[in-house]
Number of protein chains: 2
Amino acid sequence: MSKTENNQSNVTNDGDFSVIFAALGDSTRLALFDRLSDGKPRSISVLSDDADMTRQAVTKHLRVLEAAGLVQNHRMGRESHYAFCPDQLKQARAYLDQVAGRWDSALMRLKTFVEGDDG
Amino acid sequence: MSKTENNQSNVTNDGDFSVIFAALGDSTRLALFDRLSDGKPRSISVLSDDADMTRQAVTKHLRVLEAAGLVQNHRMGRESHYAFCPDQLKQARAYLDQVAGRWDSALMRLKTFVEGDDG
DNA sequence: ACATAACGCAACCTCCTGGTTGCATTTAAG
DNA sequence: CTTAAATGCAACCAGGAGGTTGCGTTATGT
């Protein structure tokens with residue numbers, strides 16, 4: 001990815017975003033994230049109750065989400081509560097908007113080119 | 001994920017979205033997708049030239065993107081061109097918007113509750 | 001005080017993923 | 001026609017991801 005091409009991708013670091021997407025790229029984790037989006041923090045046990053896997057597996061998934069900054073963890077007494085964290089979500093949305101915008105303007109350029117060529 | 005809770009996630013199938021996010025959840029693939037977002041289709045060789053891996057590896061990544069519907073493939077003579085495909089991107093954006101919206105309205109409810117409680 | 005609920009840690013296992021190599025095939029170029 | 005480019009296919013490999021089990025530790029509740 002260097003100089004042979006008009007590289008205007010302008011993305012400071014794809015890597016960061018790929019971490020976010022990778023965290024959401026598992027159906028179990030996406031379901032957990034989706035469930036926490038109502039704002040209510042939940043303990044690991046509660047989140048594990050209706051999952052068809054072990055508490056430990058859910059714990060691992062929650063830690064992946066936490067490492068990606070999508071979720072926050074607060075220990076309350078003997079239980080550890082995980083809560084939705086919107087920052088990285090906004091980042092991901094902004095990135096996808098940027099990519100979509102690049103595509104749209106490419107379409108615009110093509111359209112005006114064709115129209116100018118035709119008319 | 002059943003009935004013990006006010007499950008309004010309203011997501012028909014988390015799985016589909018997780019496939020999209022998983023496809024974007026690799027820095028190499030995200031870079032490829034980002035690069036194709038300018039609308040210009042590119043051959044595998046061109047896309048492999050400035051990647052620090054084998055053509056076969058790039059091919060595999062492109063196929064993952066294609067399987068997720070993020071990219072389209074058209075064979076042109078002896079070379080196969082991959083082009084950006086915006087549909088699934090829009091889907092992913094819409095989903096993230098939905099989640100963010102759920103979070104925002106949860107915040108709103110909390111805010112009005114606190115204000116009503118206080119004043 | 002004691003039982004138990006909620007959790008962490010670590011070992012372990014299996015399978016998928018990212019990547020490579022070698023070779024065959026199709027297509028363009030000279 | 002012959003050569004080289006662009007790709008496909010298949011086998012293979014190492015490492016990581018998802019998941020389980022067992023056990024220890026810390027709080028809660030009674």
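Lettering follows sequence order; numbering is per chain, from 1. Atoms considered below: every heavy atom in the structure, side chains included; atoms not considered: hydrogens, waters and symmetry mates. Quick caveat, the model's predicted, so the values are computed rather than measured.
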Separation of atom OH in Tyr82(B) from atom P in dA6(D), rounded to whole Å:
16 Å

Closest of dG8(C), dA5(D), dG8(D) to the Arg78(B) side chain is dA5(D)

Phe21(A) and Tyr95(A) aromatic ring geometry - parallel, tilted or perpendicular at 30°/60° bounds
tilted

Determine whether any donor atom in the side chain of Arg55(A) lies under 3.5 Å from an acceptor atom in the base of dG8(C), or the reverse, and answer yes or no.
yes

Distance test, side-chain N/O of Arg29(A) to OP1/OP2 of dG18(D), below 4.0 Å
yes

Between Asp26(A) and Ser18(B), does any side-chain donor sit less than 3.5 Å from a side-chain acceptor?
no

Expressed in angstrom and rounded to an integer, what is the separation of Ile44(A) atom CD1 from dT26(D) atom P?
17 Å

Identify the two heavy atoms, one from Leu30(A) and one from Leu24(A), that lie closest to each other, and give their separation to 0.1 Å.
CB-O, 3.7 Å

What I want to find out is whether Asp97(B) reaches Lys90(B) closely enough, with some N-O distance under 4.0 Å, to be called a salt bridge.
no

Take the protein atom CE of Met53(A) and the nucleotide atom C1' of dT21(D), then report the distance between them rounded to whole Å.
16 Å

Separation of dT25(D) atom C1' from Glu79(A) atom CD, nearest Å, is 16 Å

List in numerical order all residues of residues 60-77 of chain A for which some heavy atom is under 4.0 Å away from an atom belonging to DNA chain D.
Lys60(A), His61(A), Gly77(A)

Heavy-atom distance under 4.5 Å between the side chains of Val71(A) and His61(A), does that happen here?
no

Calculate the interatomic distance between Leu32(A) atom CG and dG19(D) atom P; express it in whole Å.
10 Å

Strictly below 4.0 Å: does Thr54(B) bring a side-chain N or O up to OP1 or OP2 of dG19(C)?
no

Against the side chain of Ala57(B), the closest entry in dT20(C), dT7(D), dA5(C) is dT20(C)

Ion pair present between Arg55(B) and Asp49(B), side-chain N to carboxylate O less than 4.0 angstrom?
no

Between dA5(C) and Ser45(A), is there an OP1 or OP2 to side-chain N/O distance shorter than 4.0 Å?
no

Please confirm whether any donor atom in the side chain of Gln56(A) sits under 3.5 Å from an acceptor in the base of dC7(C), or the reverse.
no

Ignoring hydrogens and geometry beyond distance, is a side-chain donor-acceptor pair present between Ser80(A) and Arg75(A) at under 3.5 Å?
no

